[in-house]
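Accompanying notes for the structure given below.
Nothing fancy with the numbering, it's 1 onward along the sequence.
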Amino acid sequence: MQQVLPKNDTNWRLRAIMGGSAGNLVEWYDWYAYSAFSLYFANSFFPDSNPTVQLLNTAGIFAVGFLMRPIGGYIFGKLADTKGRKEAMTLSVLLMSFGSLLIAFLPGYNSIGIAAPILLLIARLLQGLSVGGEYGTSATYLSEVATKERRGFYSSFQYVTLIGGQLLALGLQLILQNIFLTDQQMHDWGWRIPFVVGAALSLVALYLRTHLNETEAFIAKDSAVKKEGSLKELLKHPRAIMVVIGLTMGGTLAFYTYTTYMQKFLVNTVGLTKYQSTILTFCSLLIFACLQPVFGAISDKVGRRPLLIAFGVLGTIFTYPLLSTLSHTTNMWAAFGLLMAALIIVSGYTSINAVVKAELFPVEVRALGVGLPYSITVAIFGGTAEYLALWAKNLGHESYYYWYVTACIFISLIIYFKMRDTKHTSLID
């Protein structure tokens, strides 16, 4: 018998949102630790004298990890729609823990040769499978436990914890860089520490998720219906699927550009030191995380669509000028201001994209509907962001990437103009 969230119990609701968000934070910490510390372990798996080529190789494996996300979105989405949101979220965090442990104790290229990057790839594939399932199930869970009047605010905590995962990874990096380890130690073995920490934190997330309540929406659905979580049933909602793909394209590309890739961009293009890059990225992401509930609460007042349109318009106009100016700046604080301007614009997407997707689908295919098309889109656009940016730089035409981001945001803007405001048409209600 599933334990359901009491309908009018605010304390239980807050505990459910905190528990679901905390598990999400650990999942995304494990995922982003790879990107944050790749500056240090790239030469362990890909010996090459060119640092851009080393980063290109690690970014390639980062991108390949995204290919598993649609599979994870399908497997865990189906599981969440049939067995429950809680069970799917619990299993996904276990899988992430295993992938982190594998990276933590993986020998380098000098020890086992070509097997090193191959095993690194396998670990990332496992993590990609886990994260692919995490997004749809946690987005569905947080949207379903929230009240109708504050759904935008509560569901925004998915991205608070998603960004929080990056902050944890960067915070640990700052501590190791400046207090405990030398730069050489970081390159030799210190980069393994965050993956051990991630595996340990997964046990905390596992405890939190085993004590979650199931959502009322899942418990209340007709148990006689056997179509839940099926691909055939999902395909009965083609418009909703296309909206998820369209609204995600520009948003996820912008998000990965200004968060995951930005740390490397600040070192490899702007010319900041690794320490300056890490501290700047950490501070900007901390403010970015705090902005998510603010924008989510605004969407509860004015609707979801106005925020998406604002992101689309401003992103189309300012992406090229922001990235181009940032690439030529030499002042750390000027770089911080430009990066914050970009992240404020992106908040129009990140703060509400999860709830918008959840509001598009009925309960029997909600987790699958949110997770699968999103994961496919992120694999294509978010997962390749770093690789394409570094590839364009290596060709000597880095500005091509700026125009590419601009074009994708513009395509998403067209979708924002055409879509209905899900605040008023939500299928959760």
Side-chain angles (χ1 to χ4, degrees), residues 135 139 143 146 148-156 158-160 162-163 237-259 287-323 338-361 369-370 373-374 377-378 380-382 385 402-429:
Y135 179 88
S143 298
K148 178 181 179 181
E149 296 77 15
R150 306 196 71 186
R151 189 169 290 140
F153 172 77
Y154 283 127
S155 63
S156 70
Q158 184 185 35
Y159 260 77
V160 172
L162 190 154
I163 299 164
H237 306 277
R239 179 183 175 87
I241 293 172
M242 294 308 298
V243 169
V244 170
I245 293 172
L247 76 87
T248 301
M249 178 194 299
T252 195
L253 180 57
F255 174 76
Y256 278 97
T257 297
Y258 293 120
T259 58
I287 298 173
F288 185 40
C290 294
L291 289 174
Q292 303 311 298
V294 176
F295 278 76
I298 292 173
S299 80
D300 287 327
K301 299 294 184 182
V302 304
R304 325 293 187 212
R305 189 166 168 266
L307 268 69
L308 292 172
I309 290 176
F311 158 68
V313 171
L314 295 175
T316 300
I317 295 173
F318 291 109
T319 293
Y320 185 89
L322 283 171
L323 287 173
L338 291 166
L339 181 54
M340 277 313 309
L343 290 175
I344 291 171
I345 293 173
V346 177
S347 293
Y349 163 81
T350 54
S351 60
I352 59 170
N353 80 96
V355 69
V356 169
K357 293 160 190 170
E359 289 174 329
L360 287 168
F361 295 95
V370 173
Y374 166 83
T377 310
V378 171
I380 296 171
F381 296 97
Y402 311 160
W403 287 117
Y404 166 65
V405 178
T406 299
C408 289
I409 294 176
F410 177 73
I411 293 172
S412 287
L413 176 60
I414 297 173
I415 302 299
Y416 304 152
F417 274 123
K418 291 180 175 294
M419 67 181 286
R420 295 187 290 267
D421 196 321
T422 59
K423 179 180 184 294
H424 307 297
T425 61
S426 174
L427 294 183
I428 297 178
D429 306 313

As a quick check of understanding, evaluate side chain to side chain donor-acceptor pair (under 3.5 Å) for S156 and Q292, giving each step before the final call. CA-CA 6 Å; S156 70; Q292 303 311 298; over 6 Å; no
Side chains of [X] and [Y] in contact at under 4.5 Å (non-hydrogen atoms):
{"X": "F295", "Y": "S299", "value": "no"}
{"X": "V244", "Y": "V370", "value": "no"}
{"X": "M340", "Y": "L343", "value": "yes"}
{"X": "S155", "Y": "I352", "value": "no"}

Over all heavy atoms of both residues, which pair between Y258 and V346 is shortest? Give the atoms and the distance, please.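 Residues Y258 and V346, closest heavy atoms: CD1-CG2, 3.8 Å.
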Which heavy atom of D421 sits nearest a heavy atom of V302, and at what distance?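 The pair with the smallest heavy-atom distance is OD2-O, 4.3 Å.
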Could you tell me whether the side chains of S143 and K357 share a donor-acceptor contact shorter than 3.5 Å?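 Judged by distance alone, the side chains do not pair up.
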Can T425 and R420 be counted as having a side-chain donor-acceptor contact under 3.5 angstrom?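 No, no side-chain donor-acceptor pair sits under 3.5 Å.
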Would a distance-only check, ignoring hydrogens and angles, find a side-chain to backbone donor-acceptor pair under 3.5 Å from R305 to F417?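 Present.
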Tell me whether Y416 contacts the main-chain N or O of L247 through its side chain, where contact means a donor paired with an acceptor under 3.5 Å.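 Side chain of Y416 to backbone of L247: a pair is present.
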Y374 vs Y135 aromatic rings, parallel, tilted or perpendicular, using cut-offs 30° and 60°?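 Correct class here is parallel.
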Aromatic plane relationship, Y320 with W403 - under 30° parallel, 30 to 60° tilted, over 60° perpendicular: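 Because their plane-to-plane angle is under 30°, the rings of W403 and Y320 count as parallel.
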Is there a side chain to side chain contact (heavy atoms under 4.5 Å, CB included) between S351 and Y159 once you walk through the steps? CA-CA 6 Å; S351 60; Y159 260 77; over 6 Å; no
Stepwise side chain to side chain contact (heavy atoms under 4.5 Å, CB included) check, R151 with S426: CA-CA 11 Å; R151 189 169 290 140; S426 174; 3.5 Å; yes
